[in-house]
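Everything on this sheet refers to the single structure shown next.
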Amino acid sequence: MMRAELGKVEKQEVILENPSNKEVRVSYRLSNINNFDIFPDTIIIPPFESIPVSIRYIPSDLDVTEVGEITFMTEEIGNWYFVAFGLGLPPTKYEPKLVAGALNKDVSGTINFKNPFKEPINVIISMEAEGKSRKVFDLLLKKTKTTINGFSMLQIPFSFKPREISEFYAELVITMNEKIAWRYPLRGVTESTSLGTDFNFKTKCRAKLEQPIEFVLPGLADYSKDEVFNHEMDGVSPEYQANIAKWFQMTPIKNTLDGPDDKLSFNVRFLPMKPFKTSFEILIFKSRGGRWKFRVNVEATEPDVDDTIYIEAPINRTVSVSFKLTNTKYKVYADFVAGFTPESDSEFSVMPKTGLLEPYGKDGTTFTISFTPVEYGKVKKGVLIIQTDEMYWSYLVRGTFPEYKKPEPKGGKIDQSLDPQLMKMLSHQDRPKKNFVVDNIKGTSLMKSKMATMMASKAARSRSRSRSRSKSPQR
């Protein structure tokens, strides 16, 4: 038997098992869709496994037993059959709804109410509050008496306008009769929100940053000297929630005030183990209501390299070096990812790229770095990053080439020098010295003489032919 208050939901889990070696898709049929439903709507059971399925009961009557038959059907392994019983109970208060608003500014909210009955109901809607809370909450309905059809939804708007930094309380009440009424508590909190960034914290990984910070609380009016102000982190990205929880701590130095202009002081300790950057809010709040928001930026930059590794390799050959690493400070195995940064030269590689890092105190997981140069040039560089969820290591890797040596021929050498005694004999031979200028002048004069003789001979032959023609008889 499931019991639920009118307007609320009760659920019962059942287990559906698949004994076959095939995936099974399950459909279902309900005999009473007004009071019962199934979650999830799509049901698929993997081979040889079982899954939980919820049968949910939504009452539509008071002190009356409601019945529903549920059949889960498959083509492969048969059907399951269940009979569910439910009993409706008078409604009690819902969980408080938090409403936050800035000082002297209107904030609106909505309560969604569903008529749990099949038939229409007549209701009266009111806002109940006491003291200073009566002035800050207000209904935004034109009519407070209304009729709601069966299983229909009504949206009830309200406003919240705080006049001071404090906490307020009211109840939105939907009354059907003397026996049945639905009450929705509203908890109003005044907020003071900073418009800019109030604090910046920046440090290298594994380098501790510790400093005191102070908070001034604007708009504070209602306080006592012994009232303690607390704090919490809010608005942290899900990606960095674990980082902030482990590596960013605030401890109070002075968490009470001596006057409205006094300051709260806290000590901040920031010791990140991995690079990241994010923003969030520090909430300062007091027990009697009111809270202040301060914007914070935190940044953990790249750490100094843990070591520099040198590798020397000839062109087109691979040389590897290995080292061991443990999960520093943690005596548990941890999943790791290893790889070179995108800016690293492509001649480097590392193995393994993923796996389990051995815990502190063990021998350590072995990593092998390989260097395969393909051409001569400048020294190759790479940055190797190994990281787990908790830690971050970086290594500078420098790849160099062997020193080049000029090749020398093997075997004997040919002696091209003359015998010293022969050189001495040649140097003592008497050879006349040649005057190239005189020889050139003599050569030129001889050439001119030959040319003159040739020209005179040619002129004589020409005159002899002319006389021979002149002595011949005329015809």
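By convention here, the first residue in the shown sequence is residue 1.
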Exercise for review: Using atom types as modelled and distance alone, determine if a side-chain donor or acceptor of Asp234 lies under 3.5 Å from a backbone N or O of Glu281.
Suggested key: no
Review point. Got a sec: does the CD of Glu95 have more than 12 other heavy atoms crowding it under 6.0 Å?
Key: no
Study note, to complete from the structure: Residues Asp61 and Phe117: closest non-hydrogen pair is CA-CE2, 3.9 Å
Exercise for review: Answer whether the closest heavy-atom distance between the side chains of Val296 and Thr197 falls below 4.5 Å.
Suggested key: no
Review point. Hey, mind stepping through Lys135 and Arg163 against side chain to side chain contact (heavy atoms under 4.5 Å, CB included) and telling me if it holds?
Key: CA-CA 9 Å; Lys135 299 179 180 180; Arg163 301 295 193 275; 5.8 Å; no
Exercise for review: Could you tell me whether Lys324 and Glu358 make a salt bridge, using a distance below 4.0 angstrom between a side-chain N and a carboxylate O?
Suggested key: no
Review point. Is the number of heavy atoms from other residues, nucleotides or ligands under 6.0 Å of Phe48 CZ greater than 12?
Key: yes
**Study point:** Min side-chain heavy-atom separation Ile165-Leu220 under 4.5 Å
**Key:** no
Review point. Would you find a donor on one side and an acceptor on the other, under 3.5 Å apart, between the side chain of Asn104 and the backbone of Lys161?
Key: no
Practice item. Drop me the distance from Trp393's CH2 to Leu325's CG, to the nearest 0.5 angstrom. Key: 5.0 Å
Check your understanding: Side-chain donor-acceptor pair under 3.5 Å between Asn115 and Ser152, yes or no?
Key -> no
Practice item. Check the pair Lys204 / Asp304 against salt bridge (Lys or Arg N to Asp or Glu O under 4.0 Å), numbers first and verdict last. Key: CA-CA 8 Å; Lys204 286 184 178 181; Asp304 296 331; 2.7 Å; yes
Exercise for review: May I ask you to check whether Phe270 and Phe201 place their ring centers less than 6.0 Å from one another?
Suggested key: no
Check your understanding: side chain to side chain contact (heavy atoms under 4.5 Å, CB included) between Val374 and Glu347: does it pass, once the steps are laid out?
Key -> CA-CA 8 Å; Val374 295; Glu347 288 84 353; 4.2 Å; yes
Review point. Can you tell me how far CG of Asp307 sits from CD1 of Ile309, rounded to the nearest 0.5 angstrom?
Key: 6.0 Å
Review point. Have Thr190 and Ser166 got a donor and an acceptor in their side chains that come within less than 3.5 Å?
Key: no
Practice item. Using a 4.5 Å cut-off on heavy atoms from C-beta on, say whether the side chain of Phe336 contacts that of Asn327. Key: no
Review point. Taking Thr341 for the side chain and Ile385 for the main chain, is one N or O donor matched with an acceptor at less than 3.5 Å?
Key: no
Exercise for review: Give a yes or no answer on whether the side chain of Arg206 reaches the backbone of Tyr392 with a donor-acceptor pair at less than 3.5 Å.
Suggested key: yes
**Study point:** Heavy-atom donor-acceptor pair, Glu191 side chain to Ala100 backbone, under 3.5 Å
**Key:** no
Review point. Pro59 and Gly88: which non-hydrogen atoms are nearest, and at how many Å?
Key: CB-CA, 3.6 Å
Review point. Do Tyr57 and Glu66 get their side chains close enough for a donor-acceptor pair, meaning under 3.5 Å?
Key: yes
Check your understanding: If you draw a 6.0 Å radius around CZ in Arg29, do more than 12 non-hydrogen atoms from other residues or ligands fall strictly inside?
Key -> no
Point to revise | By ring-ring contact (aromatic ring centres under 6.0 Å, His included) - contacts of Tyr169 (at least two apart) | key: none
Review point. Phe323 vs Phe367 aromatic rings, parallel, tilted or perpendicular, using cut-offs 30° and 60°?
Key: parallel
Study note, to complete from the structure: Correct closest heavy-atom pair for Pro46 and Ile51 would be CD-CG2, 4.3 Å
Revision key, fill the gap. Closest non-hydrogen atoms of Asp258 and Lys225, given as atom of the first, atom of the second and distance, are O-CE, 3.5 Å
Practice item. For the pair Lys274 (side chain) and Thr388 (backbone), establish whether a donor and an acceptor sit closer than 3.5 Å, ignoring hydrogens and angles. Key: yes
Review point. About how many Å separate CG of Leu264 and CD1 of Ile213, when rounded to the nearest 0.5 Å?
Key: 10.5 Å
Exercise for review: Apply side chain to side chain contact (heavy atoms under 4.5 Å, CB included) to the pair Asp335 and Leu356, showing each step before the final yes or no.
Suggested key: CA-CA 5 Å; Asp335 293 320; Leu356 282 177; 3.0 Å; yes
Check your understanding: Is atom NZ of Lys246 surrounded by more than 12 heavy atoms (other residues, nucleotides or ligands) closer than 6.0 Å?
Key -> yes
Exercise for review: Please tell me if the side chains of Leu271 and Arg269 come closer than 4.5 Å, counting only heavy atoms from C-beta onward.
Suggested key: yes
Point to revise | Any donor-acceptor pair under 3.5 Å from Asp138 side chain to Ser159 backbone | key: no
Review point. Is it true that atom NZ of Lys132 has more than 12 heavy atoms of other residues, nucleotides or ligands lying nearer than 6.0 Å?
Key: yes
Study note, to complete from the structure: Tightest non-hydrogen contact, residues Ser322 and Thr368, listed as OG-OG1, 2.9 Å
Check your understanding: Cut-off 3.5 Å, side chains only: do Gln155 and Thr110 have a donor facing an acceptor?
Key -> no
Point to revise | Glu167 and its salt bridge (Lys or Arg N to Asp or Glu O under 4.0 Å) partner, picked from Arg187, Lys286, Arg291 | key: Arg187
Check your understanding: How are the rings of Phe348 and Phe340 set to each other: parallel, tilted or perpendicular (split at 30° and 60°)?
Key -> parallel
Practice item. Can you see which heavy atom on Ser370 is nearest to which on Thr318, and at what distance? Key: CB-CG2, 3.9 Å
Check your understanding: With a 4.5 Å heavy-atom cut-off, do Phe82 and Phe36 have their side chains touching?
Key -> no
Exercise for review: Would you give the length of the straight line joining atom OG of Ser394 to atom CG of Asp306, rounded to the nearest 0.5 angstrom?
Suggested key: 5.0 Å
Review point. Got a donor-acceptor contact below 3.5 angstrom from the Asn18 side chain to the Lys22 backbone?
Key: yes
Review point. Passes side chain to side chain contact (heavy atoms under 4.5 Å, CB included), Tyr184 versus Phe113? Steps please.
Key: CA-CA 10 Å; Tyr184 293 86; Phe113 173 75; 3.4 Å; yes
Check your understanding: Where the side chain of Asp345 meets the backbone of Lys381, is there a donor-acceptor pair that is under 3.5 Å apart?
Key -> yes
**Study point:** Inter-residue atom distance Met233.CE - Gln241.CD, 0.5 Å rounding
**Key:** 12.5 Å
Check your understanding: More than 12 foreign heavy atoms under 6.0 Å from CD1 of Ile33: is that the case here?
Key -> no
Check your understanding: Got Thr146 and Val123 here, is their nearest side-chain heavy-atom distance under 4.5 Å?
Key -> yes
Check your understanding: Do Trp182 side-chain atoms and Leu6 backbone N/O form a donor-acceptor pair below 3.5 Å?
Key -> yes
Check your understanding: Under 30°, 30 to 60°, or over 60°: which ring-plane class applies to Phe215 and Phe266, parallel, tilted or perpendicular?
Key -> perpendicular
Review point. Looking at CD of Glu214 and NZ of Lys263, how far apart are the two atoms once the value is rounded to the nearest 0.5 Å?
Key: 4.5 Å
Check your understanding: Is there side-chain contact between Val24 and Leu16, with heavy atoms separated by less than 4.5 Å?
Key -> no
Exercise for review: With the side chain counted from C-beta on, respond yes when Val268 and Leu209 share a heavy-atom pair under 4.5 Å apart, and no when they do not.
Suggested key: no
